[in-house]
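Note: hydrogens, waters and symmetry copies are ignored here, and every other heavy atom, side chains too, is used. Keep in mind the model is a prediction, meaning the values are calculated, not measured.
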Amino acid sequence: QVQLVESGGGLVQAGGSLRLSCAASGRTFSRYYMGWFRQAPGKEREFVAVISWRDGSLYYADSVKGRFTISRDGAKNTVYLQMNSLKPEDTAVYYCAAYSSASYSYKVRTDEYDYWGQGTQVTVSS
């Protein structure tokens with residue numbers, strides 16, 4: 001059973017930075033893709049970024065491109081989301097998620113991911 005545990009959320013002023021972590025356990029993740037999603041109050045959960053555990057290739061939502069960076073540390077089985085130049089509209093619960101795929105294809109829909117963490121709150125004040 002795959003377990004994903006997020007950490008690193010908090011309160012930050014606009015323009016500030018936060019780094020989220022997602023510790024993964026329970027499997028060998030060589031064929032997995034690890035994604036970050038977020039859900040603001042009253043809104044649907046939306047895709048933020050995804051990274052291939054196998055080769056580190058990645059993909060971002062347009063709304064965070066140039067400000068957020070996804071990365072992985074194989075030795076620690078941890079995926080990170082470095083968030084810079086934060087805006088109040090980035091306020092949301094951020095979720096780590098994972099899916100396994102033998103093909104090189106990025107998935108951006110929530111129903112395409114098999115495993116989810118419990119989420120961590122990020123609040124950006126203006």
Side-chain angles (χ1 to χ4, degrees):
Q1 184 72 12
V2 172
Q3 289 189 325
L4 305 173
V5 180
E6 303 99 330
S7 61
L11 174 64
V12 64
Q13 288 189 333
S17 299
L18 280 176
R19 188 178 79 158
L20 305 182
S21 300
C22 173
S25 62
R27 288 283 172 87
T28 300
F29 292 97
S30 58
R31 290 192 172 218
Y32 275 74
Y33 287 75
M34 308 296 292
W36 285 97
F37 286 75
R38 65 187 181 185
Q39 188 166 19
K43 295 189 176 181
E44 293 188 354
R45 195 169 297 187
E46 66 173 4
F47 169 78
V48 173
V50 61
I51 188 168
S52 165
W53 206 273
R54 177 168 39 202
D55 62 6
S57 57
L58 39 79
Y59 179 71
Y60 296 97
D62 287 343
S63 59
V64 306
K65 203 173 294 183
R67 299 188 300 123
F68 291 10
T69 302
I70 189 171
S71 62
R72 78 211 193 292
D73 183 333
K76 297 181 178 180
N77 266 8
T78 299
V79 175
Y80 302 98
L81 186 68
Q82 177 66 44
M83 305 185 295
N84 298 329
S85 302
L86 282 162
K87 306 174 182 180
E89 52 263 43
D90 293 317
T91 295
V93 177
Y94 283 71
Y95 296 91
C96 178
Y99 68 92
S100 176
S101 176
S103 65
Y104 291 85
S105 61
Y106 299 119
K107 300 186 187 298
V108 300
R109 297 197 334 244
T110 57
D111 61 354
E112 294 176 309
Y113 283 71
D114 301 313
Y115 303 99
W116 292 85
Q118 82 288 350
T120 185
Q121 176 71 46
V122 171
T123 303
V124 184
S125 63
S126 57

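Across Gly56 and Ile51, no two heavy atoms sit closer than the pair O-CG1, 3.7 Å. In plain terms, the two heavy atoms of Pro88 and Ser126 that are nearest each other are CG-CB, 3.8 Å.
Side-chain contact between Asp114 and Val2 is absent, with no heavy-atom pair separated by less than 4.5 Å. Counting heavy atoms from C-beta outward, Tyr60 and Thr69 have side chains that approach closer than 4.5 Å. Side-chain contact between Glu89 and Val124: absent, with no pair of heavy atoms (C-beta onward) separated by less than 4.5 Å. By the 4.5 Å heavy-atom criterion applied to side chains, Leu4 and Met34 are counted as neighbours. Annotation: side chain of Ser125 is in contact with side chain of Gln13 (closest heavy-atom distance under 4.5 Å). Between Tyr94 and Leu18, every side-chain heavy-atom pair lies at or beyond the 4.5 Å cut-off. For the pair Arg45 and Trp116, the minimum side-chain heavy-atom distance is below 4.5 Å.
Atom NZ of Lys43 is surrounded by 12 or fewer heavy atoms from other residues, nucleotides or ligands within 6.0 Å. By the neighbour-count criterion of 12 heavy atoms within 6.0 Å, atom CZ of Arg31 is sparsely surrounded, having that number or fewer from other residues, nucleotides or ligands.
Remark: the backbone N or O of Cys96 is paired with a side-chain donor or acceptor of Glu6 at under 3.5 angstrom. The backbone N or O of Val5 sits nowhere less than 3.5 Å from a side-chain atom of Gln118 that would complete a donor-acceptor pair.
For the atom pair CZ of Arg72 and OG1 of Thr78, the computed distance is 12.5 Å after rounding to the nearest 0.5 Å. Once rounded to the nearest 0.5 Å, the distance linking CG of Asp55 with OG of Ser30 reads 11.5 Å. Note that CD1 of Ile70 and CG of Leu20 are 10.5 Å apart. Values are rounded to the nearest 0.5 Å. Note that the CZ atom of Arg27 and the CD atom of Gln3 stand 11.5 Å from one another [nearest 0.5 Å]. Summarising the geometry, atom CE belonging to Met83 is positioned 11.5 Å from atom CZ belonging to Arg19; distances are rounded to the nearest 0.5 Å.
Of the options Tyr99, Phe29, Tyr33, Tyr32, a ring pair (Phe, Tyr, Trp, His ring centres under 6.0 Å) to Trp53 is made by Phe29 and by none of the others.
Under the salt bridge (charged side-chain N to carboxylate O under 4.0 Å, His left out) criterion, Arg67 pairs with Asp90, sequence neighbours left out.
Note: Phe37 and Tyr95 fail the aromatic proximity criterion, with ring centroids not under 6.0 Å apart.
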Residues Leu86, Phe68; criterion side chain to side chain contact (heavy atoms under 4.5 Å, CB included); working and verdict: CA-CA 9 Å; Leu86 282 162; Phe68 291 10; 3.8 Å; yes
Worked check of side chain to side chain contact (heavy atoms under 4.5 Å, CB included) between Arg38 and Thr91: CA-CA 9 Å; Arg38 65 187 181 185; Thr91 295; over 6 Å; no
Without placing hydrogens or testing angles, list every side-chain donor-acceptor pair under 3.5 Å for residues 102-109, not counting sequence neighbours.
from, atom 1, to, atom 2, distance (Å)
Ser103, OG, Ser101, OG, 3.0
Ser103, OG, Ser105, OG, 3.2
Tyr106, OH, Ser57, OG, 3.0
Tyr106, OH, Leu58, N, 3.2
Arg109, NE, Asp111, OD1, 3.0
Arg109, NH2, Asp111, OD1, 3.3
Arg109, NH2, Asp111, OD2, 3.4

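Under a hydrophobic clustering in which Ile, Leu, Val, Met, Phe, Trp and Tyr are joined whenever their side-chain heavy atoms come within less than 4.5 Å, directly or via other members, Val79 and Val48 fall into the same cluster. Note on Trp36 and Val12: same hydrophobic cluster, where clusters join Ile, Leu, Val, Met, Phe, Trp and Tyr whose side-chain heavy atoms are under 4.5 Å apart, directly or indirectly.
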